Amino acid sequence: MSTSSDVKEQTEKIIRQYADMIYRIAFQNLKNRADAEDVFGEVCVALLSKDVPEEEPHLKHWIIRVTINKCHNIQKSSWHTKTERIDELKEPVYEENSDIFEELWQLPEKYRNVIYLYYYEGYTIQEIGQILKKSPNTVSSWLTRARKKLKAILME
Amino acid sequence: MNENRYAETIGRLKLSDEALAKGIERMKNYEDKGKVVHMKSRFISIKTAVAAMLVLAVGVGAVFAGNIINAGTQPKKNTFMLTANAQELSYDNKIELRGFDGNSLSELANIYHGVVNIALGLQMPIKCEGTDIESVTYAVKDYCEEDPAVLCFLLGTDYAEKLSFENIRYDSWHMAPHRDKGHTYEERYKPVYVATEYNVAYEDQPELEEFDLIDGYYRGEVPVSLSIAFNDERESLGGASYKSFEEIYENNYANPDPHNFFTDSFLELFEKHKDEMKIYVTVNFTDGTSQTQTIQLFCEPSDDHTNCFMSFYGMLIEE
C-alpha cells in the first residue's frame, strides 16, 4: 500500500513532467501569467485526488481535462469577470509574438484548446474527442472553423 | 507565420521555476496539514481521547441524523436533478412536459407515395439543477438516418449560439416568425440545426421563464425543440395522391378532421417506437466526472382539443 510520502513523491514527478503543458493550456485560456500560475497550483492539489488515473495516456488526458476545467472555474468567478488583466503579468513570450496571441485570443476557448492539442501536442481528432469528451465530428468541425479563422496567421 | 511558428511560440511558454516550486510546495503543504494533526494527536491523553471520541460519536450521530433529515432537500455533490415546468422528474411518476409547440399537427404532416410522414416539435421545458456542474449534454439515439422513426433536436433560435452541437444532420437558414419585445411578429431568417445531441454550459441553460409561457405552452421563440418524426408505409394508402388520401380519411372518419387521422397515426407509431423515445441527459462535473439520467417520453391522447390532441410526459428510468 502506498504511503503518504510515496504518493507525494510520485505526484511531484508528475507535476514536474507536465508543468509546462498545464501552464501552456492555462495561459492560452486565461491570457495572463498570474491566472495561469494559479491554475497550475490548483492542478497540483487536484493531482492528490484518488481519481487520478495511474496509467498513460489516461493520466495525461485527465490532467488536460482538469486544467481546462480549472480555467473555466476561474473564468466564471466574479473576480475574473469584473477585473481587467494587468499588463505587467503578461508572459514575456507574449510581447514578442503578440500577433499570434491576439489572433488566438479572438477564438472561442474551445477552438484554442483544439488548436493546441492538434498542432502542439500532436493528437489526432479521435484522441482529442476522447480527451474533451466530444465526438470526432465536433472536434473536426471546431478545428475546421478555427483553421479558417486563423488562416491569416497559420498559412502566412 | 505557419504552423511551425505557432508550435515554436507555444513551446517557448514555460512555467517559471518559482511557480513550479510554489505549486509543488502547495501540494506538499496540502498533505502536511493532515500530518500535523496526526502528530499532535500522539500527545493527547487517554482521558482526553475518550472524551474526544464521545464528542465525535455525538457529532457523527448528529451529522448522520441531519443527513437523513436533509436527504430529500439538499443536493449531494456530483448529483443533479431534472425539472420540467418547475416539477422534479422522478422514477415514480410521469410529469406532463406541456411543451407542445401548439402548431397544428396537420400542417406538419405530409403524405406521398403511400408513406405517411408525420412530424412535430416538442419544446424542451427541461432544466438541470445541481452543484459543481460544468455543462449538460442532451442526447437522443441516432435514428435520424433510419426509417421509420426519427428523433432529433431541432435548434432554431438565436439561443443556438450558446449551444454546441453533435451529429448535426443538417443546418440551414430558415425564415421563421420572430416575436420581438413589443410582442409583434415579424419574419426574419435564423439558423436551424437538426442534431442528435447538444451541449450547454450549466450557467447558459435556458431560463424558460424568459420565454412566453401562455396557458402552459411556450409561444414565440424557444431555446430547443425535440422533433419527433415518423415515416411509415401504409399499404392501404399505397400510391395515394393527396386527393385520394382525403377520400380515405373522409371514409374512415365520420366527422372528417385531419387532426384525428394524424393524431391516431402518431399515437400508434409513438407506441410502436416507445423504446426509442428517450432523452439521455449527461452532466459533466467540474472535477471531470459525469453522470447520466435517462428520460422516457410518453405520449397519450388528450381531451384538450384546443391544441394538438396529445399530451407528452416524461419520467426517469434506469438503463
Side-chain angles (χ1 to χ4, degrees), chain A residues 4-5 7-8 11-12 15-16 19-24 26-28 33 36-37 40-49 51 62 65-66 68-70 72-73 76 91-94 96-97 99-101 103-104 110 115-116 119-120 122 133-135 137-138 141-142 150 152-156, chain B residues 1-35 38 78 132-135 137 139 142 161-162 164-169 171 195-199 201-204 282 284-290:
Chain A
S4 168
S5 120
V7 171
K8 195 165 60 178
T11 305
E12 185 176 340
I15 289 171
R16 289 185 182 281
D20 288 339
M21 183 191 77
I22 296 166
Y23 178 68
R24 283 170 191 138
F27 184 77
Q28 288 187 85
R33 186 157 53 91
E37 288 177 355
F40 172 73
E42 295 276 325
V43 176
C44 287
V45 173
L47 278 163
L48 293 171
S49 154
D51 300 327
W62 186 91
R65 212 164 38 241
V66 167
I68 292 171
N69 286 338
K70 296 287 180 193
H72 287 162
N73 290 349
K76 282 188 288 190
E91 165 70 42
V93 173
Y94 166 84
E96 293 171 34
N97 298 281
D99 59 332
I100 293 184
F101 287 107
E103 287 285 338
L104 270 177
K110 59 191 178 187
I115 286 278
Y116 171 78
Y119 284 111
Y120 190 79
K133 296 190 172 177
K134 299 286 175 191
S135 77
N137 285 345
T138 300
S141 69
W142 287 357
L150 283 177
I153 57 168
L154 285 177
M155 302 303 171
E156 208 173 87
Chain B
M1 191 204 111
N2 53 27
E3 291 159 20
N4 290 338
R5 190 177 160 217
Y6 167 79
E8 190 191 317
T9 305
I10 298 303
R12 286 176 59 201
L13 286 173
K14 291 194 187 299
L15 185 70
S16 67
D17 291 343
E18 190 190 349
L20 174 65
K22 221 168 151 184
I24 291 171
E25 190 190 341
R26 188 172 166 189
M27 178 272 293
K28 284 181 177 171
N29 285 342
Y30 192 83
E31 288 273 288
D32 283 344
K33 281 179 188 169
K35 205 173 175 182
H38 178 69
N78 279 14
D132 298 325
I133 295 173
E134 182 193 331
S135 64
T137 301
D142 195 358
E161 289 172 6
K162 292 187 176 179
S164 64
F165 313 104
E166 307 278 342
N167 299 323
I168 295 174
R169 288 303 166 201
D171 58 281
T196 58
E197 186 175 328
Y198 72 94
N199 180 278
Y202 182 72
E203 67 272 20
D204 284 344
T282 300
N284 307 302
F285 293 99
T286 53
D287 64 2
T289 60
S290 61

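Letters A, B, ... mirror the listed sequences (proteins, then strands); counts begin at 1. Since this is a predicted model, take the numbers as computed values, not measurements.
- The side-chain hydrogen bond (donor to acceptor under 3.5 Å, both in side chains) search around Thr11(A) returns none, not counting sequence neighbours.
- Once rounded to the nearest 0.5 Å, the distance linking OH of Tyr120(A) with CD of Glu8(B) reads 10.5 Å.
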Subject >> Tyr6(B)/Leu104(A) under side-chain contact (heavy atoms from CB on, under 4.5 Å): CA gap, chis, key distance, verdict >> reply: CA-CA 10 Å; Tyr6(B) 167 79; Leu104(A) 270 177; 3.7 Å; yes

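- Phe40(A) is listed as a side-chain neighbour of Leu20(B), based on a closest heavy-atom distance under 4.5 Å.
- Residue Glu42(A) touches chain B through both its backbone and its side chain, counting heavy-atom pairs closer than 4.5 Å.
- When atom types are taken as modelled, the side chain of Asn69(A) and the backbone of Asp287(B) share no donor-acceptor pair closer than 3.5 angstrom.
- Side chain of Asp20(A) to main chain of Lys14(B): no donor-acceptor pair is present (N/O by atom type, distance under 3.5 Å, no hydrogens or angles).
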Original post:
Could you go step by step and tell me if Thr286(B) and Lys70(A) meet the side-chain contact (heavy atoms from CB on, under 4.5 Å) rule?
Top reply: CA-CA 8 Å; Thr286(B) 53; Lys70(A) 296 287 180 193; over 6 Å; no

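- In this structure, Arg65(A) and Gly288(B) approach most closely via the heavy-atom pair NE-O, 4.3 Å.
- The side chain to side chain contact (heavy atoms under 4.5 Å, CB included) test with Cys44(A) is passed by exactly one of Met27(B), Arg26(B), Lys22(B), Glu25(B): Met27(B).
- In this structure, Arg24(A) contributes its side chain and Gly11(B) its backbone to a donor-acceptor pair below 3.5 Å.
- Residues Glu37(A) and Glu18(B) form no side-chain contact, since every pair of their non-hydrogen atoms from C-beta on lies 4.5 Å or further apart.
- Under the side-chain contact (heavy atoms from CB on, under 4.5 Å) criterion, Ser135(B) pairs with Asn199(B), Asn284(B), sequence neighbours left out.
- Within the 4.5 Å cutoff, side-chain heavy atoms of Thr9(B) are placed close to those of Phe101(A).
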